[in-house]
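Remember, it's 1-based here, ligands and their atoms both numbered in the order they're listed. Basis for what follows: all heavy atoms, side chains included, without hydrogens, waters or symmetry-related copies.
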Amino acid sequence: MRILIVGGGGREHALAWKLAQSPRCEAIISAPGNAGTASLGQNLPIRDTDIEGICRVAAEQRIDLAVIGPEAPLAAGLVDALMERGVLAFGPSRAAAQIESSKWFAKSIMRGAGVPHAQGELFDSAQAAHKWLEILGPDDLPVLKADGLAAGKGVIVPDHIDDAHQAIDDLFGGKFGSAGERVVIEDRLSGMEASAMSIVSGTDIAPLPLSCDYKRIMDDDRGPNTGGMGVYAPPGFVADVEGVFSEIHQPVVEQMAAQESEFRGLLYAGLMVADGSLNVLEFNARFGDPETQAVLPLLDGDLLDLIEASARGRPLPQDAISHSGQASVSVAIVSGGYPGAYETGKPIDGLDAVDSSVDVFHAGTALSDDGQVVTAGGRVLAVTAVADTLAEARGIAYDNVRRITFDGSFYRTDIAQRELI
Ligand code: AMP
Ligand code: GLY
């Protein structure tokens, strides 16, 4: 098969890497890709949200299967557009992608499916939202969310009631564009977060190992949120992993099928786990980034078989992949200054000094005119190690992270540490 990977981050490099291992993969073409995907095939300079451009490339390149990484093209209907043109595509339709692109749609599905989640209310005016905060009282701090997609920035967890009121003004004032025309205010939950992903074909699901990502820029979860500073899999604090899929993913996909928004693709539940209770904070309609960089290296077997069956809406071959039962740790190396302003174009040294058992997934990288790998984004690389225990995987990952350097490079030193104490 000739496979088109849409997107250019670490997640897409990991997907390209795993799919390239399939005996049925003839070619990997990435749009736009990065220096990592360039080593697996061809990169084409097309933005992931350029629906027409991607459909054109799919036809020109005789693509047999398109795999969509990011949420924005899914929410914009890329899968529908490709399928209408006869190109098989992995990912949900625009209607089903609402499980991510509308927080309120996700809540209505969870309510219908009886899935435990953070309870909330929908508001379409600032006035009504301010009033709701007054009813809640100053000590009852909620979480505020733009209903629509806001590039991962539309969730505000205020520390003070004044910040909550300010968030309402920001959301309705257009700070997050049309995503904030409707706002969800929901209960604030506490506990440990975990990500649960499964490949879905209608009402059939194939669970993947659970994982935990680290969002804050600095050790001990200090500093601003980022696109992800690292991840490990699996977490030790989820007692009933099977229950996550039978009590969350399964009822949700059944509810979606019943509501004429059948889901195909990757369903990701962001969970809050506390003392035996489990609640859903959000759904994503695509592989997590950076979770994918830690989870795919744990899988044995042919991911392409599963992805193709999902895209065709066929029953999933449950024996296509298995989990080795090992653990993985993935550490992001980022540009100095990220998530604020940072410089790009810095040559990256040490990539060839990495152990052959370690996977280095590229995110913001590019090839310079003379073929040198240089930085091209905030998150630059994800260094993933797999071993029998989390402690071993962590040791190997950091040993290799230290061999890679570029001007201003930065990484967290505490990924997976909390599991080892
Ligand atoms: P989301 O985009 O919905 O995952 O939200 C981003 C982050 O905000 C989550 O990973 C949580 O850390 C936090 N968050 C979202 N919803 C809640 C909630 N109801 N209670 C506490 N924290 C939340
Ligand atoms: N790691 C969080 C996400 O992919 O949305």
Side-chain angles (χ1 to χ4, degrees), residues 7 9-12 14-15 68-72 74-75 91 97 99-107 110 115-122 136 140-159 163-164 167 171 176 179-180 183-197 208 210-217 221-233 235 265-274 277-296 330 332 339 361 363 378-379 382 412 415:
R11 163 184 52 205
E12 286 77 21
L15 282 165
I68 321 303
E71 62 275 19
L74 294 169
I99 192 87
E100 175 166 8
S101 65
S102 166
K103 304 275 186 200
W104 192 245
F105 177 86
K107 279 209 193 308
M110 287 191 277
V115 164
H117 61 283
Q119 304 287 325
E121 298 286 331
L122 179 70
L136 286 181
D140 206 0
L141 283 171
V143 174
L144 302 99
K145 300 184 173 183
D147 180 52
L149 283 185
K153 298 192 174 67
V155 175
I156 295 115
V157 185
D159 289 327
D163 300 337
L171 285 159
F176 302 96
V183 171
V184 173
I185 303 184
E186 69 182 35
D187 294 346
R188 181 174 187 152
L189 305 178
S190 57
M192 307 266 273
E193 289 184 50
S195 309
M197 303 191 282
L208 303 181
L210 303 192
S211 55
C212 292
D213 72 340
Y214 286 75
K215 294 191 169 76
R216 304 292 193 101
I217 184 75
D221 289 332
R222 289 174 297 116
N225 271 338
T226 68
M229 294 299 291
V231 52
Y232 69 88
L266 190 291
L267 184 65
Y268 163 136
L271 309 175
M272 188 70 96
V273 184
S277 81
L278 230 154
N279 280 283
V280 177
L281 295 183
E282 60 156 354
F283 277 107
N284 293 324
R286 36 105 193 144
F287 279 95
D289 191 339
E291 287 89 338
T292 305
Q293 294 89 303
V295 167
L296 293 190
S330 182
F361 296 115
R379 283 188 300 159
R412 269 181 74 151
I415 305 302

Legend entry - Student check: side-chain heavy atoms of Met229 and Lys215 closer than 4.5 Å: no
Legend entry - Per-atom contacts, ligand 2 versus Asp213 - under 4.0 Å to a heavy atom: 1 (N), 2 (C)
Inset, instruction - Within a distance under 4.0 Å of any heavy atom of Tyr268, pick out the atoms of ligand 2 and give their elements. - result: 1 (N), 2 (C), 3 (C)
Inset, instruction - For Arg286 and Leu266, run side-chain contact (heavy atoms from CB on, under 4.5 Å): C-alpha distance rounded to whole Å, both residues' side-chain angles, the deciding distance at 0.1 Å, then the answer. - result: CA-CA 5 Å; Arg286 36 105 193 144; Leu266 190 291; 5.5 Å; no
Inset, instruction - Please identify which atoms of ligand 2 are closer than 4.0 Å to at least one heavy atom of Arg286. - result: 3 (C), 4 (O), 5 (O)
Legend entry - Set of residues satisfying side chain to side chain donor-acceptor pair (under 3.5 Å) with respect to Lys103, sequence neighbours excluded: none
Inset, instruction - Check each atom of ligand 2 against the heavy atoms of Asn284 and keep those under 4.0 Å away; list them by number with element. - result: 3 (C), 5 (O)
Inset, instruction - Name the closest protein heavy atom to atom 14 (N) of ligand 1, giving the residue it belongs to and the distance to 0.1 Å. - result: Leu281 CD1, 4.0 Å
Legend entry - Per-atom contacts of ligand 2 with Gly288, taking only distances under 4.0 Å to non-hydrogen atoms: 4 (O)
Legend entry - Atoms in ligand 1 with a heavy atom of Lys145 nearer than 4.0 Å: 3 (O), 15 (C), 16 (N)
Legend entry - Residue, atom name and distance, where the atom is the protein heavy atom closest to atom 13 (C) of ligand 1: Val157 CG2, 4.0 Å
Inset, instruction - Taking only heavy atoms of Lys103 into account, list the atoms of ligand 1 that are under 4.0 Å away from them. - result: 2 (O), 3 (O)
Inset, instruction - Tell me which protein heavy atom sits closest to atom 11 (C) of ligand 1, plus the residue, atom name and distance to 0.1 Å. - result: Glu193 OE2, 3.1 Å
Legend entry - side chain to side chain donor-acceptor pair (under 3.5 Å) evaluation trace for Ser195 with Glu291: CA-CA 8 Å; Ser195 309; Glu291 287 89 338; 2.7 Å; yes
Legend entry - Full working for salt bridge (charged side-chain N to carboxylate O under 4.0 Å, His left out) between Lys145 and Glu282: CA-CA 11 Å; Lys145 300 184 173 183; Glu282 60 156 354; over 6 Å; no
Legend entry - Atom indices of ligand 1 within 4.0 angstrom of Ala118 heavy atoms, with elements: 19 (N)
Legend entry - Where ligand 2 meets Glu291 - atom numbers and elements under 4.0 angstrom, heavy-atom basis: 1 (N), 2 (C), 4 (O)
Inset, instruction - May I ask you to identify the nearest protein heavy atom to atom 7 (C) of ligand 1, giving residue, atom name and distance to one decimal place in Å? - result: Val155 CG1, 4.4 Å
Inset, instruction - Tell me which one of Glu186, Gln119, Met272 gets a heavy atom nearest to atom 22 (N) of ligand 1. - result: Met272
Legend entry - Considering all heavy atoms, the nearest Ile99-Ala106 contact: O-CB, 3.4 Å
Inset, instruction - Quick one: look at Lys215 and ligand 2, take heavy-atom pairs under 4.0 Å, and tell me if it's side chain, backbone, both or neither. - result: neither
Legend entry - Nearest-contact summary for atom 20 (N) of ligand 1 - protein heavy atom, Å: Leu189 N, 2.9 Å
